[in-house]
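What follows is a short report on a single structure.
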Amino acid sequence: MKRRSFLTASTCAAATFTLGSSSMAETGWPRSVPNADGRETILTAPPKRIVSTSVTLAGSLLAIGAPLIATATTVRGDFFGQWEHVAEEQGVEKLWRAGSVDLEAVWSYAPDLILVSATGADSVVAQRAALEEIAPVLVIDYGALDWTGLAQLLGQAIGHETQAQAMLTDFETQLQTMRTRLQLPEGLTNIVSYNGPGAPNPVARANGVHGRLLSALGFSLEDPPINWQSANVPPAADFIRSAYEHLTELTAQTTFVLSGTDEDAQRLLDDPILSNLPSVQLGQVYGLGANSFRIDYYSASEIVSNIAQRFGRS
């Protein structure tokens, strides 16, 4: 079987999204950085004090060694669990909870670059003009990229191209090395965000970021039909938003539960409606990891580590 690189699709995405900026590393400073809305942000020098108004962007910033001094949190006031320890070690401050805005707090950190998400629950793009009175603002559509493309884009924007590429190359090397040490179950594999009856139960697409990660480790992904998603909701790149009833049609011999531990996997195993699934019959239902919902360098590394512990050759 041809070995598949996890970075192939994301590299193309980054090149498309940063059209016109691929030579930024060569042109030095000042540099013009494209925003998600088509505007340009001029940075006169590499930023030394970055504030992120999006918790989702923070993990990628930390992974490339960016000078992140403060970031927004989840709605509960937390950092993401996969990089919480890194943020605490580096003294990153909590800016505000997702859904809130405190311009005075941003002023107090005296940033020289402010990052804003173009969409999502943590977007404060409506406050862009006010934030631009404090420091240059860069608007990023993280939904248009997977984590590798996002890391490349951020690296180009802040002058950390070398750090971003080194991180991605190291991850790819670890991924391919780990693949040779795994003894995987036979047959197809799927990834389910199991929520039970009365709620959507998204199923990962084979070419989504989660599917590609498992494929790079040697799993063969079951790809859910697009028509499992409601006709009035366009399919996402990574998951088909499936109704609970469609889960009975899954055929894979192995199931991973998104954002799940083995306790969450046990709930699926105990679901009487799903008792005839091949993966349930074989007892091959596993948690993908508590932090596996949002993939960045840290959560991807956690997933790989967890799979290595479970399926590593003895």
If you take all heavy atoms of [X] and [Y], which pair is closest and at what distance?
X      : Y      : value
Gly287 : Asp262 : N-OD1, 3.2 Å
Val33  : Ala157 : CG1-CB, 3.7 Å
Pro136 : Leu43  : CB-CD2, 3.9 Å
Ser52  : Leu95  : O-CD2, 3.8 Å
Gly155 : Ala164 : CA-CB, 4.3 Å
Pro67  : Pro47  : CG-O, 3.3 Å

Under 4.5 Å between side-chain heavy atoms, hopping through other hydrophobics if needed: is there a path connecting [X] to [Y]?
X      : Y      : answer
Val209 : Ile64  : yes
Leu221 : Leu282 : no
Leu145 : Phe239 : yes
Val86  : Ile50  : yes
Ile226 : Tyr244 : yes

When you measure from the side chain of [X] to the backbone of [Y], do you find a donor-acceptor pair of N or O atoms at a distance under 3.5 Å?
X      : Y      : value
His210 : Ala204 : no
Arg241 : Pro200 : no
Ser108 : Ala105 : yes
Gln163 : Gly65  : no
Ser299 : Arg294 : yes
Gln253 : Leu188 : yes
Arg31  : Gly28  : yes
Lys94  : Gly77  : yes
Asn201 : Ser242 : no
Arg313 : Leu182 : yes

Are any non-hydrogen side-chain atoms of [X] and [Y] less than 4.5 angstrom apart?
X      : Y      : result
Glu104 : Asp102 : yes
Tyr286 : Val257 : no
Leu184 : Thr189 : no
Ile273 : Leu247 : no
Leu150 : Leu57  : yes
Arg97  : Val75  : no
Phe256 : Phe219 : yes
Pro202 : Asn195 : yes

Next item on the list: Begin with the C-alpha distance, continue with both residues' side-chain angles, and end with the deciding distance and a verdict on side-chain hydrogen bond (donor to acceptor under 3.5 Å, both in side chains) for Asp264 and Thr261.
Entry: CA-CA 5 Å; Asp264 299 303; Thr261 64; 3.2 Å; yes

Next item on the list: Determine whether the side chains of Thr255 and Asn190 contain a donor N or O and an acceptor N or O closer than 3.5 Å.
Entry: yes

Notebook entry, point to check: Distance only, no hydrogens: is a donor on one side chain within 3.5 Å (strictly under) of an acceptor on the other, for Tyr298 and Asn291?
Noted result: no

Does [atom1] in [X] sit with more than 12 non-hydrogen atoms of other residues, nucleotides or ligands closer than 6.0 Å?
X      : atom1 : value
Glu263 : CD    : no
Phe311 : CZ    : yes
Glu88  : CD    : yes

Notebook entry, point to check: Checking side-chain contact (heavy atoms from CB on, under 4.5 Å) for the pair Glu84/Asp78: CA distance, chi angles, key distance, verdict?
Noted result: CA-CA 8 Å; Glu84 179 179 18; Asp78 301 322; 5.9 Å; no

Margin query: Show, in sequence, the C-alpha distance, side-chain angles and deciding distance for Leu175 and Leu217, and conclude whether the side-chain contact (heavy atoms from CB on, under 4.5 Å) test is met.
Written below: CA-CA 7 Å; Leu175 199 63; Leu217 287 170; 3.6 Å; yes

Working to the nearest 0.5 angstrom, can you tell me the gap between [X] [atom1] and [Y] [atom2]?
X      : Y      : atom1 : atom2 : result
Thr162 : Met167 : OG1   : CE    : 12.5 Å
Leu168 : Thr173 : CG    : OG1   : 10.5 Å
Ile240 : Trp228 : CD1   : CH2   : 9.5 Å
Asn35  : Glu40  : CG    : CD    : 7.0 Å
Thr73  : Glu93  : OG1   : CD    : 12.5 Å
Ser301 : Gln174 : OG    : CD    : 6.5 Å

Next item on the list: Would you sort out whether Val92 and Leu62 count as a side-chain contact (heavy atoms from CB on, under 4.5 Å), showing the intermediate values?
Entry: CA-CA 10 Å; Val92 178; Leu62 291 169; 4.1 Å; yes

Check: Please, which pairs that meet side chain to side chain donor-acceptor pair (under 3.5 Å) have at least one residue in residues 109-126, sequence neighbours excluded?
Finding: Ser54-Asp122, Thr56-Asp122, Asp122-Tyr142

Notebook entry, point to check: So, are Arg128 and Glu132 salt-bridged, with charged N and O less than 4.0 Å apart?
Noted result: yes

Notebook entry, point to check: Once the angle between the rings of Phe171 and Tyr297 is folded into 0 to 90°, is it parallel (under 30°), tilted (30 to 60°) or perpendicular (over 60°)?
Noted result: perpendicular

Next item on the list: Under the side-chain contact (heavy atoms from CB on, under 4.5 Å) rule, what do Leu68 and Gln90 come out as? Steps first, then yes or no, please.
Entry: CA-CA 9 Å; Leu68 180 66; Gln90 297 189 13; 5.9 Å; no

Notebook entry, point to check: Where do Glu302 and Asn306 land on the side-chain hydrogen bond (donor to acceptor under 3.5 Å, both in side chains) test, with the steps shown first?
Noted result: CA-CA 6 Å; Glu302 278 189 13; Asn306 291 340; 5.2 Å; no

